[in-house]
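These notes are about the structure you will find just below.
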Amino acid sequence: MRPRLQIHIRLLVKIFLYSINATQKFCNTDLTQIVTPNTRAAVIKAVIMSTNADNKTNIKNPDSGAYKKIYKLAPSMLAADFTNLGRDVGAIEAAGAHYLHIDVMDGVFVNNISFGLPVIERVRKISRLVFDVHLMIVEPSRYIEAFANAGADIINVHAEASPRPIEDLRQIKSLGKIPALTIKPDTPAEDIYGYLPYTDMVLVMSVEPGFGGQAFLAHTLKKAEQLANHIAVNNLGIDIEMDGGIGFNNLKDVLSAGVNVIVAGSSVFRSRNVGGSVRAFYDFFNDFVD
Ligand code: DX5
Ligand code: ZN
């Protein structure tokens, strides 16, 4: 073979081998490296707009010390299309939702089983949303660390499910996560007053926990209002989230009660236009504030 031709062939083989190597490297890229804990922390920091030492997700006025509410939407993954989970989660993220609400059910605390750690770990790899994990499980302390490691950012424990809520809330905080305390529709607000200094959010259930797509229980509005007043009078700056049966028919009542974090399952993921529905919620929030 002529020496010149030999050089050409060697060069072509080199290019070929290099491209195979590069393709392999790309295919082996671990997506967890793209959404690192650090980038997530930055996202959470952006959501937690006040970088107050107290870690609240509302803005604190440095002069008066009073809090200004930030309205946030938390679409509930339970109503998503599980055969197209990545697409649905991507759609709410692109449309600007703050949180992804994730309902974990154990078949004991509630009469249903949903999904658990492996699903959250997988979704964590494709999303930078703040994960608002609602644990409907007995003795949540057994799993708090595991959910923190799986990618939860906010961890909600039920007051009715936990033998020691203060310890649980402290543990969540010590893991660098946002602690939240949840109550069922018939649990009185006074039952949790003593726990409020240890939590950054209260989640008031407006349906019996366990299933999506249920009718909104209007009597829970009074309780939300009572909690909102208590929080305002004591300037605690805690978020109030409401979960279950919320849509555009009752959203004004919910916001008027003082709720500032809205969980919406069916009204987001079962709508024809998932992203459009997220944007419509935020438009509604803006009109409400004006
Ligand atoms: C019920 C869950 C809710 C539910 C809300 O146990 O906690 O988060 O997914 O779904 P919708 O908005 O459809 O009532
Ligand atoms: Zn929920």
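All values below come from the heavy atoms of this structure, side chains included, with hydrogens, waters and symmetry mates left out. Remember, it's 1-based here, ligands and their atoms both numbered in the order they're listed.
For atom 12 (O) of ligand 1, the nearest protein heavy atom (residue, atom name, distance) is Gly265 N, 2.8 Å. In this structure, atom 14 (O) of ligand 1 lies nearest to the protein heavy atom Gly245 N, 2.8 Å. Looking only at heavy atoms of the protein, atom 3 (C) of ligand 1 is closest to Asp243 OD1, 2.9 Å. Of all protein heavy atoms, the one lying nearest to atom 13 (O) of ligand 1 is Ser266 OG, 2.4 Å. The protein heavy-atom contact nearest to atom 1 (C) of ligand 1 is Phe211 O, 3.4 Å. The protein heavy atom nearest to atom 6 (O) of ligand 1 is Gly210 N, 2.8 Å.
Set against the non-hydrogen atoms of Gly244, the atoms of ligand 1 under 4.0 Å away are 14 (O). Near His134, the atoms of ligand 1 lying under 4.0 angstrom from a non-hydrogen atom of the residue are 7 (O). Every atom of ligand 1 with a heavy atom of Gly213 under 4.0 Å away is listed here by number and element: 11 (P), 13 (O), 14 (O).
Counting heavy atoms from C-beta outward, Val261 and His98 have side chains that stay 4.5 Å or more apart. Gln171 places a side-chain heavy atom less than 4.5 Å from the side chain of Glu145. Side-chain contact between Lys72 and Asn260 is present, with heavy atoms from C-beta onward closer than 4.5 Å. In this structure, the side chains of Val119 and Phe82 stay at 4.5 Å or more apart for every pair of heavy atoms. With a 4.5 Å cut-off on side-chain heavy atoms, Phe216 and Asn249 do not count as touching. Side-chain contact between Tyr198 and Glu167 is absent, with no heavy atoms from C-beta onward closer than 4.5 Å. By the 4.5 Å heavy-atom criterion applied to side chains, Asp243 and Asn156 are not counted as neighbours. Taking 4.5 Å as the limit, some side-chain heavy atom of Thr182 sits within range of a side-chain heavy atom of Met205.
The shortest N or O to N or O distance between Ala264 and ligand 1 is not below 3.5 Å. Any N or O atom pair closer than 3.5 Å counts here, and Ser267 shares no such pair with ligand 1. Between Leu78 and ligand 1, a contact under 3.5 Å exists for no N or O pair. Looking at Glu208 next to ligand 1, no N or O pair under 3.5 Å apart turns up.
In this structure, Lys184 satisfies the cation-pi test against Phe109, with its NZ or CZ atom closer than 6.0 Å to the six-membered ring centre and inside 45 degrees of the ring normal.
Ring centroids of Phe147 and His134 are separated by 6.0 Å or more, keeping the two rings apart. Separation of the Phe285 and Phe288 ring centroids does not fall under the 6.0 Å cut-off.
The nearest pair of heavy atoms linking Ser267 to Ser277 is O-OG, 2.8 Å.
The closest approach between any non-hydrogen atom of Ala79 and ligand 1 is not below 4.0 Å. Ligand 1 lies within reach of Met205, whose nearest heavy atom is under 4.0 Å from it. Contact analysis puts Met136 in contact with ligand 1, with a non-hydrogen atom separation below 4.0 angstrom.
Residues Asp153 and Arg124 are paired through a salt bridge, judged by an N-O separation under 4.0 Å between the basic side chain and the carboxylate.
Here 4 is the count of protein N, O or S atoms positioned under 2.8 Å from the Zn ion (ligand 2), waters not counted.
By the criterion of a heavy-atom distance under 4.0 Å, the side chain of His101, and not its backbone, is placed next to ligand 1. Heavy atoms of Ser76 found under 4.0 angstrom from ligand 1 belong exclusively to the side chain.
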Steps toward side-chain contact (heavy atoms from CB on, under 4.5 Å) verdict (Phe281, Leu251): CA-CA 9 Å; Phe281 268 95; Leu251 185 54; 3.6 Å; yes

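The structure places CD of Glu160 at 11.5 Å from CE of Met136, a figure rounded to the nearest 0.5 Å.
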